[in-house]
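Take a look at the structure set out below.
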Protein chains: 2
Amino acid sequence: MTPGPGVARTLLPKKFQASGVNSGVRRYRPDLGILISEIPAVAAGVFTLNECRAAPVLYSKSLLPAGDIRAIITNSGQANSATGRSGIENNFRMAQSTAQTLGCRTDQILTASTGVIGIPLEIEKITQSIPELIDRRGVTAEPFALAILTTDLVPKTVSTEVQLEKGVIRITGIAKGSGMIHPNMATMLGYFLTDAEIPQAIAADFLRTATDLSFNQISVDGESSTNDCAFFMANGASGIPVHSDADCALFQTALNEIAIFLAQSIARDGEGATKLIEVNLHGSPSLELAKKAARGLVMSPLVKTAIHGEDPNWGRILARLGADSVPTTLLDQMTLRLQGTPVFSAGSPLPIDLEQVRRQLKADQVVIDIDLHGGNHSSTAWGCDLSKKYVEINSEYLT
Amino acid sequence: MTPGPGVARTLLPKKFQASGVNSGVRRYRPDLGILISEIPAVAAGVFTLNECRAAPVLYSKSLLPAGDIRAIITNSGQANSATGRSGIENNFRMAQSTAQTLGCRTDQILTASTGVIGIPLEIEKITQSIPELIDRRGVTAEPFALAILTTDLVPKTVSTEVQLEKGVIRITGIAKGSGMIHPNMATMLGYFLTDAEIPQAIAADFLRTATDLSFNQISVDGESSTNDCAFFMANGASGIPVHSDADCALFQTALNEIAIFLAQSIARDGEGATKLIEVNLHGSPSLELAKKAARGLVMSPLVKTAIHGEDPNWGRILARLGADSVPTTLLDQMTLRLQGTPVFSAGSPLPIDLEQVRRQLKADQVVIDIDLHGGNHSSTAWGCDLSKKYVEINSEYLT
């Protein structure tokens, strides 16, 4: 895998192009991006479970899965959510204008938006910028990745090549996160592009499996957005099919790795974050409990502030597990490790060198390992610490 | 109602006494308190639903309801939670030592603890201080209310007199909150004392009804503690019975008012809080949805930071309602008011004077009114804003 900017430019799969420009909705930063396939592509999506769904979510969801998608256009700064009937119309104009410029049907264009909820989309600025946006397209992911950021600090792109039976294909992933990041669908904007040939029937499964292991296992603040989507596009431009069981397994593994890499990048770049938190929960009697308990810890303000303060206050971890329905019997037999150091086992605190654990917590990645000794199910979740900067960012977002 | 200190001393009901001392667990502040009834009292309790329950919770829960309780002893600084077998023994010693000094049975003494989870209770310091604690007892609530504080800034006490059929009785309420304040049982320590004569059979109902309307409707940070309890003691010392339906209604109303006053005080004094948030949710098709949606808003970090920043970013309120399962059909017809100003109605944002709403948000109490226009159920919830101070307090709690 080649991580994104700073290391190398992220090359898109064959016959994919990306672009990003400033449309004037935001003052200086790029705020309008597009991903284009030169040829019609198989596409799938997963969308927020929030009952309050933005206009682009309603629109894109209605079109997927599909076999002939040409592009995904995305604006940042205004979420086009809670904008009523005119929001629906503005979103349609964004798709329509893109289709006219590209010379395809409107229902071959997907849309996504991110930004402030409840303010009207400045659609004139957007439609006027679409010709320039498409004109500037190129073969690297970065211009698009930059255009979709809101409070993110770094663009998130990753690309990998996979050797299948008949040859080599490429997968590129791009994501945007930062606030309102919480399990329940895809929790942010995510885009997966590949030049592999993939039957439409299985595209959605590939995407669902990858997002369940990645985007659905991260939390920045427990908030679930009205605009979350993850998209998958496969245009077959490599001429290499994913068809045998072995190919499917190889492709899924590579897609999962890309999705997890992006999910970790999102958690690490959460609003105000200074540390990545990883929770590995083992020995659960059910997968459901494992997921709930692991995600509960990366959501807990008290766990997150303790880690921010490099404070080995592990009692808060126990309290949160108990609040998230881990039964008393399992709490009484579990083992808890902080940065590898066992701190609680068989119902009692273990004698620990507090100063040593405190030093271990200075790392920029904090790992919490839990074994409930109560079954064979496991789950991993990622999150970030809670800092004063989170409060600062979110107290002044609209202003 | 006579609110607590600064206004007047809070007088206890007849034949109740309170005390508080420093046992040496904390450096200077009072850290050990007791509430005593000179005569055996009817008592009931409600306790945390957290699966991780502190030793005093397990102990007190096992004794209630009861007809002959003499005292509740409470320490602060160490929660005696996740402390294993020795925690159970230390808690029992705390009760036993109190019983010996008061000259009663151990099972007539209730216990509660609040503080850091997972560190052993310094029981020797506590038992050595019990004689002095009991020696210093008096007829006002403040010494006890001060001894049970942790990160609270102000002691919370309130007292009221109620005219029943046969005469006047008194009810006194005392509470402690601040962090780990979240619906699911009583979310903090609460104590209700009365000199009314109340049959044991209905004591628990009075307490449950009052806590459901108050302590279970507040949230500081979405965290549910391992030590939460609310206690009710009625010693009958007034000689006035609560027996007719009219008396029961009068008593319940007074108890509810006291509980809501304390719950609001806890929310207002949440860790780092600068504003009290009140959410009134009307027109819900079910009580369950009304409660969930109202509490969800006072838990939401994004709503709480926006209010902290006096930022009329009401889209976050819609997003949170949608995330908490308020159906799209109701979101599309609801009315949302911020400090009385309608900002969203019938699926669309209303034209508002942003600067005016921003000025209204400068108040130290922010009221969010929602009408879903979908039924007859209502719920009110209270919380506080999320400030940098919350992060500061909780990054450095153990250290």
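Predicted model, so just to flag it, every value in this text is computed and none were measured. Throughout, a chain's letter reflects where its sequence line sits, starting with A, and its residues are numbered from 1.
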Which one of [options] has the most heavy-atom pairs closer than 4.5 Å to chain B?
options	result
Val326(A), Val343(A), Asp332(A)	Val326(A)
Gly87(A), Ser86(A), Gly322(A)	Gly322(A)
Ser348(A), Ala82(A), Gly347(A)	Ala82(A)
Ser387(A), Ser81(A), Ala54(A)	Ser387(A)

Q) Quick one: of Pro120(B), Ala306(B), Ala79(B), Pro327(B), who has the most non-hydrogen atom pairs under 4.5 Å with chain A? A)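 Looking at each of Pro120(B), Ala306(B), Ala79(B), Pro327(B) in turn, Pro327(B) comes out on top.
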[X] side chain near [Y] side chain, heavy-atom distance below 4.5 Å:
X	Y	result
Asp311(A)	Leu361(A)	no
Met334(A)	Leu321(A)	yes
Asn91(A)	Leu121(A)	no
Ile117(B)	Cys52(B)	no
Asn90(B)	Thr83(B)	no

Q.
For Thr328(A), which atoms come within 4.5 Å of any heavy atom of chain B: side chain, backbone, both, or neither?
A. both
Q: Tell me, for Leu318(A) versus chain B, whether the close heavy atoms (under 4.5 Å) come from the side chain, the backbone, both or neither.
A: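 For Leu318(A), the contact with chain B is made by backbone and side chain together.
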Q | Listed partners of Lys275(B) passing salt bridge (Lys or Arg N to Asp or Glu O under 4.0 Å), at least two apart | A | Glu310(B)
